[in-house]
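All remarks here apply to the structure that follows.
The analysis underlying the following values was restricted to heavy atoms, covering all of them including side chains, and did not include hydrogens, waters or symmetry mates.
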Amino acid sequence: MSANRKRKAPSTGQSSASMLNHELLAPEKSSALKSSFERGKPFRHVHIPNLMDPDALQRVREELVKLDFFPRVNDLNTFFQSQDLKALDEDEFPAIAQLRRTLYGDDMLDIMRKITGIDVDSTPDMAALVFRDRGHLLCHDDEIDQRRIAYILYLVPDDWEEADGGLLELFATDKENNPSTVATRLVPAWNSLACFAVTEDSYHQVSEVTSTDKVRLSISGWFHGPPLKREPPALDPPRIYIPMEEAAPDSYDVKAWINPIYFTQAKRSEVRRDLEEGGAKEMVDFLLEEKYKLIKTALIEGSSWEQVGPPNKRHYERSHLCGPCAFFASKDFAAFLSEMCGFEFTGEAYGEGRKFGTRAYTLVHDGEKREETFVDAVFGCNDEPWDEDWGGQTVYHDDEEEFGTIWPLRNALTLGSISISIALRRLITASTWHERKLHGYVCA
């Protein structure tokens, strides 16, 4: 529900009774937590149980359910977030105000300094988050401004278990400092605080919530401190475009492969118009049936698949275009697209087979730069009728809004005109979160 609430200047000192579990103030306790923090792998972290007085924390939970929560949905995450907790009326929400003063008060800050060795300050930075069924937050590093320690205070049900999902997953990094694999998983527990040092390699994610009847409620935020010197982020190696004669040395009679309707002037005019207006164009029943089956069989039976990362940018399986699939990287197919779209191609192509299963995705990023506009062509090979609740859609968008969403279809070619050089139009394939049959893509 909504309400008109007075704003008061946030209090940051230890000005009222603390909710903190005072056992944590004992020197031997902070020493043990410091040791656990330093030993944390793949980067420094600690999971502290029984952080607050449980009765006081329950009152916080009762006040949180009265707040407005707003959906936060993009290529990286799906969850609900509260309004700014430091701006709430303290008379209307006294328990939340007490929690804020506790988290950013003298005792808690002293504990954080002793555990982490970081000179954190009392700048409040916190919000309540709700993850419901299929909610998630994909791999990222939290490197923003003066954030030095990230934390999650869990207010989940007492019976939350690993099978319910919503785990905090910490990634190991490779020699180029890209995230590689999940090395540690922390299961949410009522009245516990998970925290870690924010660094250039503190990649983490919240795994998909799989429970249909439990809600992952938490207070998430950061302790601020002196900023660290950051190294420039790792860039993707350049995508290798090869001459079409090498990618597909055979010649193809495109009229023996493609549905005759796509050779008509009316259809070509329709495709050009849609692309010029900035959208994506889906061409259904694109291949002749026998050629479609040839492609599908080659993908399933003749392809060798490898996992593609890093997970802060993408996570799916890839295969090389070979056998009949090489048609999509051929100069004959490029000539067809040139007439269809009105573009002149350079004679180079990149193509791969893609398989998106459970928890597969690609994220928007600026790691790949090319100076010319190119055509993105995606051919769908999923025979089963697609349920949109499964995800797996391809979304075309610019910096301001989405302008095309394509769902997997059988024997359909999707075209999109993309200009990477001005970092405007980028392609994402949204997350797919449930077990299902093969979702095969050929991308050229």
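- For K296 (side chain) and C381 (main-chain N/O), a donor-acceptor pair under 3.5 Å exists by modelled atom type.
- If you take CD on E161 and CG on L167, they are separated by 11.0 Å, rounding to the nearest 0.5 Å.
- Taking both residues in full, the closest heavy atoms of A197 and F43 are given as O-CD1, 4.4 Å, listed atom of the first, atom of the second, then distance.
- The two atoms that bring T184 and P42 nearest to each other are OG1-CD, 3.7 Å, heavy atoms only.
- Screening L99, D125, I219 against L85 for a side chain to side chain contact (heavy atoms under 4.5 Å, CB included) leaves a single residue, I219.
- Atoms CG and CG, from L337 and L413 in turn, are 6.5 Å apart once rounded to the nearest 0.5 Å.
- Between D107 and L25 there is a side-chain heavy-atom pair separated by less than 4.5 Å.
- Put simply, the side chain of L24 does not reach to within 4.5 Å of the side chain of M108, judged on heavy atoms.
- A salt bridge does not link E200 with K229: every distance from a Lys NZ or Arg NE/NH1/NH2 to an Asp or Glu carboxylate oxygen is 4.0 Å or more.
- At least one side-chain heavy atom of Y104 sits less than 4.5 Å from a side-chain heavy atom of F223.
- Under the 4.5 Å side-chain criterion, counting only non-hydrogen atoms from C-beta, L299 is in contact with C325.
- The main-chain N or O of D141 is found under 3.5 Å from a side-chain atom of S202 such that the two form a donor-acceptor pair.
- In this structure, R132 places its CZ atom where only 12 or fewer heavy-atom neighbours from other residues, nucleotides or ligands lie under 6.0 Å away.
- Between R44 and F37, some side-chain heavy-atom pair lies under the 4.5 Å cut-off.
- Heavy-atom neighbours of K34 NZ from other residues, nucleotides or ligands within 6.0 Å: above the threshold of 12.
- Taking every heavy atom of both residues into account, S30 and I115 meet most closely at O-CG1, 4.2 Å.
- For the atom pair R72 CZ and F80 CZ, the distance stands at 10.5 Å (nearest 0.5 Å).
- In this structure, E63 and P94 have side chains that are in contact, with non-hydrogen atoms separated by less than 4.5 Å.
- Remark: L155 CG to N191 CG distance equals 8.0 Å, nearest 0.5 Å.
- Within the 4.5 Å cutoff, no side-chain heavy atoms of H204 are placed close to those of E169.
- Across all their heavy atoms, Q83 and F70 have their closest contact at N-CE1, 4.2 Å.
- Between R134 and E208 no salt bridge is recorded (no basic side-chain N to carboxylate O distance below 4.0 Å).
- Note: L363 CG to N312 CG = 7.5 Å, rounded to the nearest 0.5 Å.
- Note: Y292 and F379 have perpendicular aromatic rings, judged against thresholds of 30 and 60 degrees for the angle between ring planes.
- Around the NZ atom of K291, the shell of radius 6.0 Å holds more than 12 heavy atoms that belong to other residues, nucleotides or ligands.
- We find the CG-OG1 distance between L409 and T414 to be 7.5 Å, quoted to the nearest 0.5 Å.
- Residue H320 places its NE2 atom among 12 or fewer non-hydrogen atoms of other residues, nucleotides or ligands, all under 6.0 Å distant.
- Residues Y361 and H136 fail the side-chain proximity criterion, which asks for heavy atoms closer than 4.5 Å.
- Of all heavy-atom pairs spanning T210 and G165, the tightest one is OG1-N, 3.7 Å.
- When all heavy atoms of E90 and A97 are compared, the closest pair comes out as CG-CB, 3.7 Å.
- A salt bridge links D159 and K214; the closest N-O separation between the charged side-chain nitrogens and carboxylate oxygens is under 4.0 Å.
- We find that D55 and R59 are not joined by a salt bridge, their nearest charged nitrogen and carboxylate oxygen being 4.0 Å or further apart.
- Between the side chains of S180 and N178, no donor-acceptor pair is found at a separation under 3.5 Å.
- No more than 12 heavy atoms of other residues, nucleotides or ligands lie within 6.0 Å of CD in E23, so this atom counts as exposed by the packing criterion.
- Ring-plane geometry between F333 and F286 is classed as perpendicular, the angle between the planes exceeding 60 degrees on a 0 to 90 degree scale with a lower cut at 30.
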